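Please find one structure pasted underneath; my questions will follow.
All values derive from a computational prediction rather than experimental measurement. Lettering follows sequence order; numbering is per chain, from 1.
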2 protein chains.
Amino acid sequence: MPKPVPALPEPAHATVDSMLSRKFGKEVANYFSGSPLNRVSFLRPDHAFLSSALRHPSTAFVLFNELDPLVSSPHSLATVSYSDVKPVIGEDPFASSEEEVIKAYNSSTYLPQIIFLGLDERKGKEGFVYKEHYKGQPWFAVDVTPKESVKDAAEKLVEGMKAKGLDFQKGRMNMDLEAQDAAIYAEARHLLDWNARNPFCAACGYPTLSINAGFKRTCPPKDVAPSIQNPERPPCATRKGISNLCFPRTDPTVIMAVVSADGQRILLGRSKRFPPAWYSTLAGFLEPAESVEEAVRREVWEESGIHLGRVVIHSTQPWPYPANLMIGAIGQAIPGGEEIHLGHDAELEDAKWYTAEEVREALRVGTSGLGEEPGPDYKEGGLRLPPKTAIANQLISAVVNGFASGSPMI
Amino acid sequence: MPKPVPALPEPAHATVDSMLSRKFGKEVANYFSGSPLNRVSFLRPDHAFLSSALRHPSTAFVLFNELDPLVSSPHSLATVSYSDVKPVIGEDPFASSEEEVIKAYNSSTYLPQIIFLGLDERKGKEGFVYKEHYKGQPWFAVDVTPKESVKDAAEKLVEGMKAKGLDFQKGRMNMDLEAQDAAIYAEARHLLDWNARNPFCAACGYPTLSINAGFKRTCPPKDVAPSIQNPERPPCATRKGISNLCFPRTDPTVIMAVVSADGQRILLGRSKRFPPAWYSTLAGFLEPAESVEEAVRREVWEESGIHLGRVVIHSTQPWPYPANLMIGAIGQAIPGGEEIHLGHDAELEDAKWYTAEEVREALRVGTSGLGEEPGPDYKEGGLRLPPKTAIANQLISAVVNGFASGSPMI
């Protein structure tokens, strides 16, 4: 089972903290957040930093095969060392500066994707130090999918790991990883997927090159691949100033617990693909030029016909399938706006108002992952809900342990 | 001057509402949010809906020339009618179903970009009704930049508008538009820019086609352009299931007011490009697989060296330059974590702790847009701050009118 999400550092000053607590309750750290790594994002363009971090004996490498992570158990990522991955990534993939790498760009060369994940500062005594301030165990992710020029080396590495009893965890969800490993996995998966999904420039259609240790893709002005007659490429809009196309994409989504105007009931909905009796909160993508609050009101009306007034943001959750930021909110129906109509967007098979009591019982006995069975106390036909690792569960809990109980809402 | 942002519908039920108010204060609707339009997003793939909405006599068209909107004054968008834009967009650009449009795809045909913005339901009596439920004045945006096959028709339209005393508002910022026009402008600009910025498929490098009235780009399997020898294209990953590459991109950013551990001071920073004495909150892009709360802590440490504990989300603001969602937060430094160090990311020229009193005075006399002068009461050398249309101003106000005054923080 996943461990509880890590506790946040608590500020010691009682007055301000209690004022914040009274206003907002405890900060909720959702699953996939709570990474122990300092990303030191400003060091990513510095090849000397990357080169020494990559080759340090304390450095941890997380391996991926087609987006499946190497694990030592369903609860833990496995890590390997520089000497293990060297046959796949080469002696020093960060030996040259980015400027030099861009100048030498050759679209026919396969480079296994490497991501610099961050420094684990809790392990600063193991020796890696850069420019005095930056200490800790460096973490990298490497795509060791056996293909192209690294096919043989990667196959050998994969077989070696299997011989040690390690394996790549198949399947889309890795929700059994303990919380800190889940956060590291999420960072790596999101970036590996973004790089793999975007091999071409959306502005000009030419192949692009990964730089900044996996956090940027650039459209080089030249390509020296032997099959290309003229290495000079036409001008590209992404080379002028800063273009968001060069940076990883994260899609903001809204997910919301909806309460009735009197605060006594909560709305839950189900899609056709859910198992019987399984309900959850409504959710959807935020659209261009919407505030979160507007997106929540729009999605709830489109999917359920309900009109919301006030919307408050509760907490957020990274969701690396493939690239979402879940923004969790609580919305309140306006009086007279509570009638359910599923005919607008027709995404839901059903939506219903539940009492806090029904939902509290379901939180006690009926939670599980989508592909899993509920616990032993669950009675057939009873309401089923998402597990604690889902922000939906946190939002539902916040509402039914707040509004209807008289205690603070979140 | 911009009008104040629109009031939100207030739920009437006193108990729940006062509980939410006590917890969260008033919901803040930031500039660029508060659109009066119902986007009815689920109707965008329905060409019969789009066709009748586009050609209705009540329909409002907002025109853009290279992303500059047609305005009747610095405070108001101008709108034109179907008969005005027909020479540029043609009789009925939505005459065929999307399936037919994709089958007939010809990458050499220039189609001026059209965006369906939504229905203004306050004007439902003017006659447009679709399938009983969907009433109101339809709004569209059209790119009338004189180019390609519409050069002459667009030039004529542009000249006609100028003859009427209307003009396209130059420049990047349109912060003088009244609030509801600003929200409509933001939606249109974000989508026109996204379509213009992404003419090619990032998965396969081939040209793509705008569908869903500007809210989706698809990579057609065939291209019947005369210059192309084989109309059949290779397989593309975006044609399998749902790909986020087909949908508009919105980049989540974090922007935060930072308070000291004792809640008595607020941190402000300045970039080199700001005018003298001008400071603001810190801000930055959320990264893959970060929660908002984590992104706030990371950015503040990277830019200022300050360590934050608790982070709470205040409100959000769409920011269409080009595609941001600003997520406004308040963060509190941990005791002992307040020392400023600008050497990590080196984005700021300066950062300082200010008292609430200094900041309240600056909010009174020293606010203005980046290119504008402060008001008449401003004294040379005094602190300058962003205007009310910026979420930075709202966050700063929330802090200095809360923590230090003893009244509710937001």
Next on the checklist: If only side-chain N and O atoms count, and only distance matters, is there a donor-acceptor pair under 3.5 Å linking S33(A) with E290(B)?
Outcome noted: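 Distance-only check fails for E290(B) and S33(A).
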Item to check | Part of T238(A) within contact of chain B (heavy atom distance under 4.5 Å) | outcome: neither
Item to check | Engaged part of P199(A) at the chain B interface, taking heavy atoms whose separation is under 4.5 Å | outcome: both
Checklist entry - Could you give the distance from CZ (R298(B)) to CG (L37(A)), rounded to the nearest 0.5 Å? => result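 The distance works out to 12.5 Å.
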Next on the checklist: If I measure from the heavy atoms of chain A, does P320(B) come under 4.5 Å with its side chain, its backbone, both, or neither?
Outcome noted: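 Contact with chain A: none, neither part.
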Checklist entry - Non-hydrogen atoms of chain A under 4.5 Å away: do they reach the side chain of N38(B), the backbone, both or neither? => result side chain
Checklist entry - In Å and rounded to the nearest 0.5 Å, what is the CZ to CD distance from R310(B) to Q332(B)? => result 8.0 Å
Checklist entry - Can we say R44(B) and E287(A) salt-bridge, meaning some charged N sits less than 4.0 Å from an Asp/Glu carboxylate O? => result yes
Next on the checklist: Between Y134(B) and F42(B), is the ring centroid distance below 6.0 Å?
Outcome noted: yes
Checklist entry - For the atom pair CG (L325(B)) and OG1 (T250(B)), what is the distance rounded to the nearest 0.5 Å? => result 7.0 Å
Item to check | Interface moiety of E187(A) toward chain B, non-hydrogen atoms closer than 4.5 Å | outcome: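 Both the backbone and the side chain of E187(A) come within 4.5 Å of chain B.
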Checklist entry - Given that the side chain runs from C-beta out, which part of H307(B) has a heavy atom under 4.5 Å from chain A: side chain, backbone, both or neither? => result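 Neither the backbone nor the side chain of H307(B) comes within 4.5 Å of chain A.
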Item to check | Proximal component of L43(B), with respect to chain A [non-hydrogen, under 4.5 Å] | outcome: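 Contact with chain A: none, neither part.
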Item to check | Region of A323(A) that comes under 4.5 Å of a non-hydrogen atom in chain B | outcome: side chain
Checklist entry - If you measure from the Lys or Arg side-chain nitrogens to the Asp or Glu carboxylate oxygens, is any gap between R39(A) and E302(B) under 4.0 Å? => result no
Checklist entry - chain B heavy atoms under 4.5 Å from S41(A): which part of the residue, side chain, backbone, both or neither? => result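 For S41(A), the contact with chain B is made by backbone and side chain together.
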Checklist entry - For R249(B), is it the side chain, the backbone, both, or neither that has a heavy atom closer than 4.5 Å to a heavy atom of chain A? => result both
Checklist entry - Measuring heavy-atom distances to chain B, does F285(A) have an atom under 4.5 Å in its side chain, in its backbone, in both, or in neither? => result neither
